[in-house]
Structure formats: C-alpha cells, structure tokens
Amino acid sequence: MDIRLDGKTALVTGGTRGIGRAVTLGLARAGADVCACYRTESDAVESLARELKTTGGDHRLIKADVADPAEVTRLIEECGSAFGHLDVVVSNAGAISHIPFPDLELDEWRRIIDTNLTGAFTVTQQALPLLRPGSSLIYIGSKVAMVGLPLRAHYTASKAALVGFARTLCKELGPQGIRVNVVAPGIIDTTDLPSERTAQYQRIISLGRLGRPEEIAGVVAFLASDLASYITGETINVDGGT
Ligand code: NDP
C-alpha cells in the first residue's frame, strides 16, 4: 500500500533544512503541492527548490519567521493565493539552546516558547480557514519532552505543551473532520555531532543508531495521508527505542 498525497496541498514550517527539508520533500514526492517556510536565507533554500522541481508538483518557498504573527499572516495569505486551500500543516520550525536552569533568562525562555509553541499556535489558527474536512495537522514534538533533559527546561516545556495543545485541538476540530497528531522524534542525525557524542547516543538507542530525517518524514507523510484517516490525538514516538 503506497502513501499517496496527490491532490493535497501542504505547508511545512522550517521546511528547508534538517527534518523539515526531508518532510517537505517526502510530501512532494508523495504527490502533494508544498509550501515550505524558512527564516534564514541560505544555499539550502536554492538546493531544495531544485530538488522540488524534480517532483513535478507545485511548490512555494516563503521566507517567514513563525514567531512573528504578522509574518505568519503573510505566509498563510501567500499559501492561500497559491493553492486556495491546505490539507496538511506540519509545524516543524523549532529552536533549542542548552542552558542550566538557574541561568535561563526570561528572554531566552520566551524566544524558545515563541518559536516552538506560539509559532505553532499562530500558524494553526491562521491556517484554519484554509483547511478542509480530511485535513491533517501535524506537530513535530520531541521524545525528550516526556522524559526531561537537563539544560533544556524551556525546550522541553514548549514541546510537552504541543502534546496538550494537539489533544485539545483533536477534540475541537474532530467534528470538522480535521485530524491532529504529534510526531516525537528521538535523536535524529541533522547536525555534525562529534563522534564520541554519537557513540554515547548509540549506546542508549535500542536500534543502535541515530535516526534519519527521512524516517520522520515517512511518519509525517503517513499521518498526512488517508491511510491514517482514523488516527487523531496521538503522539507517535519515532526514536529507535530509547
Ligand atoms: P534544525 O535546527 O536543523 O532546523 C530547524 C528548522 O526550524 C530550520 O529549518 C529553521 O529555519 C526553522 N526555524 C527555526 N526558528 C524558526 C522561526 N522562528 N521561523 C521559521 N522557521 C524557523 O532542526 P531539526 O531539523 O533537527 O529539527 C526540526 C524539528 O524537529 C524542530 O522542531 C526540533 O525541535 C525537532 N526535533 C529535532 C530532533 C533532532 O534530534 N534533530 C529531536 C526532536 C525534535 P532556518 O534554517 O531558515 O532558520
């Protein structure tokens, strides 16, 4: 049974790098027209545009900071003008920093919450009028939100909050045929980790290796598809068994 998204349109926030890039490409290769937003101009945007051309679908790459509500308004307007509606919204944009709790300043707490949680709220609320019955909202959470991780009180708080947010939206939006789920990655290989750190991680992962961005993208594509038409309110850990 293939995952196909032909005729669907998708928005992926933070969709030009790392996990977001894999998600954007995964959805496009499954047949969706995709809009990906990014915050920073870089070669990643050009290179993604080239790859998306090979998928045959329509695509838009739009610069927008999800922590800025006015930019989100413009982003959603551009998606609406391009596609007329949205079937899939993946709130993937995320920021992290590593700070001992006593040193965590309010500004930094707010920066992380504004991006990871308030950004997801703003994008979702503004996208709502473009959603149709059968639409799928997907939030990229984090496995560590449920177990805790030293130096990331702000990050884990933002990601844990997404789970409650999604469970409530599942109940509010279910009657409109909109599904809402969280994908919670474990340790995914998106950065050049030092080899000793990689080895440390491998020891605590049952499958003995870090995850690949495409392994998150596969689960997102499944949740976006009609194969997942009876799944809502779930948090799916994709962590290799940690
Ligand atoms: P990266 O740091 O590689 O990418 C983060 C992405 O978010 C970038 O595309 C970045 O855009 C975008 N972004 C950050 N802030 C904003 C903003 N204010 N507005 C718009 N876009 C923004 O991270 P990953 O790919 O590793 O992570 C993607 C998601 O997965 C995040 O939510 C992260 O918390 C989560 N996650 C990752 C794990 C991992 O091991 N990698 C584990 C668990 C969860 P730009 O480059 O344009 O600045």
Side-chain angles (χ1 to χ4, degrees), residues 11-26 34-49 61-76 78-79 89-98 108 110-124 126 138-149 151-152 154-163 165-166 182-193 197-198 200-202 204-205 209-217 219-220 235-240 242:
L11 166 63
V12 183
T13 67
T16 64
R17 270 202 311 126
I19 291 171
R21 183 181 201 276
V23 168
T24 303
L25 278 171
V34 290
C35 174
C37 94
Y38 61 95
R39 187 188 43 168
T40 315
E41 290 291 357
S42 74
D43 292 347
V45 180
E46 276 302 304
S47 109
L48 177 62
L61 301 180
I62 300 171
K63 190 169 190 298
D65 181 342
V66 298
D68 180 337
E71 293 201 17
V72 173
T73 302
R74 181 180 45 77
L75 168 69
I76 300 297
E78 287 188 35
C79 287
V89 178
V90 185
S91 290
N92 164 78
I96 193 167
S97 58
H98 309 154
E108 181 60 3
R110 286 194 172 125
R111 184 180 75 85
I112 298 298
I113 300 287
D114 283 354
T115 303
N116 300 359
L117 179 60
T118 314
F121 155 75
T122 317
V123 168
T124 304
Q126 300 214 24
I138 299 160
Y139 299 91
I140 305 299
S142 174
K143 173 67 187 282
V144 296
M146 294 304 143
V147 292
L149 188 64
L151 314 184
R152 276 79 149 195
H154 48 347
Y155 176 79
T156 50
S158 70
K159 294 295 188 179
L162 283 177
V163 172
F165 179 64
V182 175
V183 174
I187 303 159
I188 308 303
D189 195 0
T190 54
T191 49
D192 287 333
L193 283 174
R197 180 70 72 79
T198 302
Q200 236 174 17
Y201 285 145
Q202 283 167 343
I204 59 164
I205 301 171
R209 63 172 177 83
L210 273 58
R212 294 186 293 271
E214 293 71 23
E215 291 173 311
I216 304 302
V219 177
V220 170
T235 295
I236 301 183
N237 291 324
V238 186
D239 63 0
T242 49

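Just follow the structure's listing: the first ligand is 1, and inside any ligand the first atom is 1. Positions are given from 1 along the sequence.
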Original post:
Do you know which of D68, T13, D65, V66 makes side chain to side chain contact (heavy atoms under 4.5 Å, CB included) with R39?
Top reply: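 Testing each of D68, T13, D65, V66 against R39, the sole residue satisfying side chain to side chain contact (heavy atoms under 4.5 Å, CB included) is D65.
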Any idea which atoms of ligand 1 are less than 4.0 Å away from a heavy-atom of [X]?
X: Y155; answer: 33 (C), 34 (O), 35 (C), 36 (N), 43 (C), 44 (C)
X: K159; answer: 31 (C), 32 (O), 33 (C), 34 (O)
X: Y38; answer: 47 (O)
X: T115; answer: 15 (N), 16 (C), 18 (N)

Please determine whether any non-hydrogen atom of [X] lies less than 4.0 Å from an atom of ligand 1.
X: I96; answer: no
X: G186; answer: yes
X: A64; answer: yes
X: S91; answer: no

Original post:
What part of S42 sits under 4.0 Å from ligand 1 if we count only heavy atoms: the side chain, the backbone, both or neither?
Top reply: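 Neither part.
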Subject >> T40 and ligand 1 - part of the residue with a heavy-atom distance under 4.0 Å >> reply: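 It is both parts that get close, each with some atom under 4.0 Å.
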**OP:** Would you tell me whether T242 and Y201 have side-chain atoms, one donor and one acceptor, within less than 3.5 Å of each other?
**Re:**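 No.
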**OP:** May I ask you to check whether T40 and R17 show a side-chain donor-acceptor distance below 3.5 Å?
**Re:**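 Their side chains do not contain a donor-acceptor pair, so the 3.5 Å distance test is not met.
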**OP:** Considering only non-hydrogen protein atoms, determine which one is nearest to atom 22 (C) of ligand 1 and report residue, atom name and distance to 0.1 Å.
**Re:**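 Nearest protein contact, heavy atoms only, for atom 22 (C) of ligand 1 is A93 CB, 3.6 Å.
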Subject >> Nearest heavy-atom neighbours spanning T16 and A44 >> reply: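 In terms of heavy atoms, the two residues are closest at O-CB, 3.6 Å.
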Of the listed options ([options]), which comes nearest to [atom] when hydrogens are ignored and any heavy atom counts?
atom: atom 7 (O) of ligand 1; options: A67, G94, A145; value: G94
atom: atom 31 (C) of ligand 1; options: D114, I187, N92, I140; value: N92
atom: atom 3 (O) of ligand 1; options: R39, R111, E41, R17; value: R17

